[in-house]
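Computed from a predicted model, the values in this text were never measured in an experiment. Just so we're on the same page: letters track the sequence lines, and every chain starts at 1.
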Number of protein chains: 2
Amino acid sequence: MHKEHNLTKNQQIIFNLIDKSSEPLKAYTILSNVQKKGIKAPLQVYRALDKLVEIGKIHKIESRNAFIACQNSSCQVSKATAFSICESCEKVTEISNSNLSKYLSNFKDKAGMKYSKYNLEFFGLCKKCITK
Amino acid sequence: MHKEHNLTKNQQIIFNLIDKSSEPLKAYTILSNVQKKGIKAPLQVYRALDKLVEIGKIHKIESRNAFIACQNSSCQVSKATAFSICESCEKVTEISNSNLSKYLSNFKDKAGMKYSKYNLEFFGLCKKCITK
DNA sequence: CTAAAAAGCGTTATATTATAACATATTAAC
DNA sequence: GTTAATATGTTATAATATAACGCTTTTTAG
């Protein structure tokens with residue numbers, strides 16, 4: 001079992017929005033969607049995002065500057081993340097593959113660097129978009 | 001053999017700067033360093049960067065919004081990139097490991113997506129920083 | 001060759017993403 | 001119940017990136 005994080009009000013509002021979204025959300029999209037709930041400033045959004053990323057409830061898709069909810073119950077802290085990104089429809093899916101994560105977590109480069117984290121983004125066309 | 005790209009003046013100026021740098025450079029750092037050479041506006045920098053990325057002469061480190069020269073003669077088009085990033089000194093190295101690239105290029109996820117590209121960033125502490 | 005297409009350039013303005021700084025409030029730990 | 005840590009609200013601003021326009025140069029195909 002992992003530590004339960006009791007989200008604060010702002011964190012909960014923002015997590016709920018991201019969690020129910022079918023696509024990654026950008027910070028200012030989030031802002032415009034939560035203004036009716038009293039979150040008025042970018043910084044309020046970024047602070048909540050920072051915390052949610054830190055505790056692994058959401059992930060940042062670096063190539064898109066957007067955020068999605070963690071779809072992988074085992075990555076409570078986001079130290080090993082992999083995503084597939086459709087370059088046509090922009091659908092993003094978190095990849096949960098123990099073979100892949102094992103391979104990458106054990107990867108050693110020749111420079112002798114000690115890795116504590118990785119992020120992998122695959123790009124291509126999803127099934128739907130291939131046939132278009 | 002791959003296609004030789006003749007860089008234009010702006011592209012060459014900017015590539016030279018990135019290539020001789022020991023660390024990833026940000027767009028506005030680049031701008032301030034090439035103003036004496038007549039490149040005055042952000043867009044001139046971004047256009048050159050876009051092209052240099054497209055032809056594989058440089059790569060963007062997504063987590064840092066910064067650019068480094070390709071250190072891997074075989075990746076003329078940047079479709080398969082991997083980097084190690086030291087979270088202490090911010091040193092970035094391009095990983096050139098045929099086992100890794102083979103593994104990732106052949107990776108198939110269960111969603112049946114066809115991948116044409118990937119980018120992997122490892123984070124940790126480099127040898128120097130571990131002992132500090 | 002040479003005309004047409006493609007790529008690049010220079011410039012101004014502006015959009016988008018993210019953080020600094022400061023005062024106050026809430027929560028958790030002892 | 002005081003203290004330390006975390007979170008909040010707010011204003012301002014920094015940092016990153018693109019839109020739109022007109023013009024020039026280079027490449028390509030006939």
Using side-chain heavy atoms (C-beta onward) and a distance below 4.5 Å, is [X] in contact with [Y]?
X         : Y         : answer
Leu7(A)   : Ile55(A)  : yes
Glu121(B) : Glu62(B)  : yes
Ile14(A)  : Ile58(A)  : no
Ile85(A)  : Phe123(A) : yes
Phe83(A)  : Ser63(A)  : no

Would the distance check show the side chain of [X] and the main-chain N or O of [Y] forming a donor-acceptor pair, the cut-off being under 3.5 Å?
X         : Y         : result
Asn33(B)  : Thr29(B)  : yes
Ser105(B) : Lys102(B) : no
Gln71(B)  : Thr93(B)  : no
Ser21(A)  : Leu17(A)  : no

Contact residues, residues 9-22 of chain B to DNA chain C [heavy atom, < 4.0 Å]
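Correct list: Asn10(B), Gln11(B).
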Once each nucleotide of nucleotides 16-22 of chain D is scored for protein heavy atoms under 4.0 Å, what B/S/- sequence comes out, 5' to 3'?
BBBBB--
Nucleotide range of DNA chain C lying under 4.0 Å from chain B heavy atoms
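The protein-touched segment is dG8(C) to dT12(C).
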I want to check one thing: is the phosphate of dT8(D), taken as OP1 and OP2, less than 4.0 Å away from some side-chain N or O of Thr8(A)?
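Yes, because at least one side-chain N or O of Thr8(A) sits under 4.0 Å from OP1 or OP2 of dT8(D).
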If the cut-off is 4.0 Å, is Gln44(A) near the phosphate of dT8(D), judged by side-chain N/O to OP1 or OP2?
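False: Gln44(A) side-chain N/O out of range (4.0 Å or more) of dT8(D) OP1/OP2.
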Could you state the atom-to-atom distance from CG of Asn6(B) to P of dT25(D) in whole Å?
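Computing the Asn6(B):CG to dT25(D):P distance gives 18 Å.
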Atom CD1 of Ile39(A) to atom C1' of dG9(D): distance rounded to whole Å?
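Result: 11 Å.
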What is the ring orientation for Phe122(A) with Phe107(B), classed by angle as parallel under 30°, tilted 30 to 60°, or perpendicular over 60°?
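Aromatic pair Phe122(A)/Phe107(B) classed parallel.
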